[in-house]
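In what follows, a structure is listed as structure tokens, so that the remarks can point back to it.
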Number of protein chains: 2
Amino acid sequence: MQIDKIDRAWRGAERCKHCAIRHLVLFSDLTHEDFDRIHQPIDDMEFEPGQRLYYQGENISSVYTIRAGLIKLVQHLPNGDRRIVRLLSQGDLAGLESLNGQVADHDAVCLDLVQVCRLPVSLIQRLQKETPNLHQGLINRWQKALSGADNWITRLSTGKARQRVARLLLLLDQASTDDFFFLPTREDMGAMLGITTESTSKATAEFRRLGLLKKLGQNRAWIDAEALQQQFC
Amino acid sequence: MQIDKIDRAWRGAERCKHCAIRHLVLFSDLTHEDFDRIHQPIDDMEFEPGQRLYYQGENISSVYTIRAGLIKLVQHLPNGDRRIVRLLSQGDLAGLESLNGQVADHDAVCLDLVQVCRLPVSLIQRLQKETPNLHQGLINRWQKALSGADNWITRLSTGKARQRVARLLLLLDQASTDDFFFLPTREDMGAMLGITTESTSKATAEFRRLGLLKKLGQNRAWIDAEALQQQFC
DNA sequence: CGCGCAATTGAGTTATATCAAATACGGTGG
DNA sequence: CCACCGTATTTGATATAACTCAATTGCGCG
């Protein structure tokens, strides 16, 4: 597997100040003086599809703020079962549990080309002591993750298989900025919904026959959100 | 339904300082000086089983720290489906979403006799500005809620019905301090696991026939955790 | 062009939901 | 204290949905 690229040009916070998506990331509320408190390099990293930011059980010492791409959080059970418990995209944080000194709760696996900034826990903790401006950002992201998890339970782990698939497609569609959205493999969709690959495939195939779902390329798709919502939710 | 009792004797933080379970609640890390920053009354409240702390969609302006009892968080979908997404007990916080100015994500319903302290959001926010000692407590509780939600997905919403019931019983057992634990109604257990009341009943009945589960009183039960774990997880 | 993996499809099996009935249980009032 | 009522639970029969297994098709990539 190819090693992830690290662009170490981001020394200190010089480029953070001018980050194109600063309004979306954790540092959005920092002031100019706050940025001057960042004395250590922040690594800008890129990962290929399939690469992992970290593994479940790994002792991680950084939080990752996601600049681009899509990441799945996979949780394994002792008996071999596994479940995808969340998807992360632009503006989200991966590895939040490191702020409590816990080991990683999940594998963080890239679904497509992913760009992140790696923020050492020590930096976050120091900033927290020196400025209150990080707080609300952390709180917001924690809350977003939590309400995402709740929705995952209520919408994606409840009801019949077709219904769950429909809800997942709607969720992926809403999260997308353009008309199309990232369509995971049937296996991954199954792991998100707690159903088998075959059941997922049967549902998407049916939607496609009804003209409610169209595939474009291999990982992109379009849905008729209105119709899907009405007929299957 | 009986009105909840509010013991308004807790003026300011006088009694907070001497709270018997202070080491378990949000204010555990506050210093003596910090307590002096609390200038408003903190209500000590008691709720009967079945009463709600708040409703999904309600605009809440307080967080509740749980001193005793068990609370279920119930989330409703537009189509009428509903799911219990979490259980809260001593030391947990209910209504965290109010800190982001959001309306309540769930109904918070008491399962047994519940005692809470009501902490106004304005108080939390002021304390956050004035002292850093609240932070870690908030972070810890948010993280606990999040990892609880993840487990709910992976352990309680995955696999066959009997397996889920077994995992739920083990979880309830572990959370308990004594040999026995609170056994929810079959209906509630079903709503936690995403299965029907009847399926839940068939599973518990089977465990009981095998001598792995014994009921005591109506809401209390005992399990042979070892055997249950080995045979059904 | 063909190889390999992913996706689709179908047939048969199993698990769960559904519906209905019977039983147990707690709480109330006589 | 006991009888009764309403609710929760258990149980069984049947229908339905999902899983499992196997075979086929489709598709991207070398």
Side-chain angles (χ1 to χ4, degrees), chain A residues 2 48-50 72 79-83 109 111-113 156-169 182-221 232, chain B residues 1-2 48-50 72 79-84 109 111-113 156-169 182-221 232:
Chain A
Q2 181 182 333
E48 303 287 328
K72 63 178 174 183
N79 72 353
D81 276 359
R82 68 189 192 85
R83 206 54 210 269
V109 187
L111 292 179
D112 54 4
L113 187 64
L156 302 187
S157 306
T158 307
K160 302 207 190 297
R162 268 184 321 183
Q163 204 173 21
R164 296 189 197 186
V165 174
R167 292 208 191 102
L168 175 58
L169 293 174
F182 181 89
L183 186 70
T185 65
R186 304 300 165 273
E187 190 179 2
D188 273 351
M189 289 173 73
M192 294 177 202
L193 303 171
I195 60 179
T196 60
T197 306
E198 292 93 333
S199 294
T200 312
S201 177
K202 280 163 186 166
T204 56
E206 180 182 350
F207 295 157
R208 203 135 38 80
R209 276 190 293 271
L210 292 171
L212 304 179
L213 168 68
K214 293 185 200 305
K215 285 206 276 188
L216 298 108
Q218 52 193 31
N219 280 332
R220 317 273 314 156
F232 296 98
Chain B
M1 193 181 289
Q2 181 181 334
E48 303 288 327
K72 61 178 175 183
N79 73 353
D81 276 1
R82 67 187 193 85
R83 199 67 200 267
I84 297 173
V109 187
L111 292 178
D112 54 6
L113 187 64
L156 302 187
S157 308
T158 307
K160 301 208 189 297
R162 267 183 321 185
Q163 205 173 20
R164 296 188 196 186
V165 174
R167 292 209 191 100
L168 175 58
L169 293 174
F182 181 89
L183 185 70
T185 66
R186 305 301 164 272
E187 189 179 3
D188 274 350
M189 290 173 72
M192 294 177 202
L193 303 171
I195 61 179
T196 58
T197 306
E198 292 92 333
S199 294
T200 312
S201 176
K202 279 163 186 165
T204 56
E206 180 182 350
F207 295 156
R208 204 135 38 81
R209 277 190 293 271
L210 292 170
L212 304 179
L213 167 69
K214 294 186 199 304
K215 286 205 275 187
L216 299 107
Q218 53 192 29
N219 281 331
R220 318 275 312 160
F232 297 99

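- In this structure, B:Thr197 reaches neither bases nor backbone, as no heavy-atom distance under 4.0 Å exists between it and the strands shown.
- The phosphate of C:dA6 has neither OP1 nor OP2 within less than 4.0 Å of any side-chain N or O from A:Lys215.
- Contact annotation: B:Arg186 side-chain N/O to D:dT9 OP1/OP2 distance is under 4.0 Å.
- Side-chain contact check for B:Leu168 versus B:Thr200: every heavy-atom pair is 4.5 Å or farther apart.
- Listed nucleotides: D:dT9, C:dG26, C:dT8. Nearest to the side chain of A:Ala205: C:dT8.
- Here the P atom of nucleotide D:dT7 and the CG atom of B:Asp188 are 17 Å apart, to the nearest Å.
- Between the P atom of D:dT10 and the CZ atom of B:Phe207 lies a distance of 12 Å, rounded to the nearest Å.
- Following rounding to the nearest Å, A:Glu187 (CD) and C:dT8 (C1') show an atom-to-atom distance of 15 Å.
- What separates CG of A:Leu193 from P of D:dC19 is a distance of 10 Å, to the nearest Å.
- Straight-line distance from the CG atom of A:Asp81 to the P atom of D:dC19: 12 Å, rounded to whole Å.
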What does nucleotides 14-20 of chain C look like as a protein-contact string, B for base, S for sugar-phosphate only, - for none, at under 4.0 angstrom between heavy atoms?
--SSBB-
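- The salt bridge (Lys or Arg N to Asp or Glu O under 4.0 Å) test applied to B:Arg220 returns B:Asp178, not counting sequence neighbours.
- B:Arg209 comes within 4.0 angstrom of sugar-phosphate atoms only, judged by non-hydrogen atoms across all strands, and of no base.
- Under 3.5 Å, the side chains of A:Arg83 and B:Ser157 contain no donor-acceptor pair of N or O atoms.
- Between A:Leu213 atom CG and C:dA7 atom C1' there is a gap of 13 Å when expressed in whole angstrom units.
- Within a 6.0 Å radius of CD in B:Glu187, no more than 12 heavy atoms belonging to other residues, nucleotides or ligands are found.
- Sparse packing is recorded around CZ of B:Arg162, with 12 or fewer heavy atoms of other residues, nucleotides or ligands lying under 6.0 Å away.
- The two atoms that bring A:Ile195 and A:Arg164 nearest to each other are CG2-NH1, 4.1 Å, heavy atoms only.
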Evaluate the criterion side-chain contact (heavy atoms from CB on, under 4.5 Å) for residue pair B:Leu210 and B:Phe232; output intermediate values, then yes/no.
CA-CA 12 Å; B:Leu210 292 170; B:Phe232 297 99; 3.9 Å; yes
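- Counting non-hydrogen atoms under 4.0 angstrom, B:Ser201 reaches a base of the nucleic acid.
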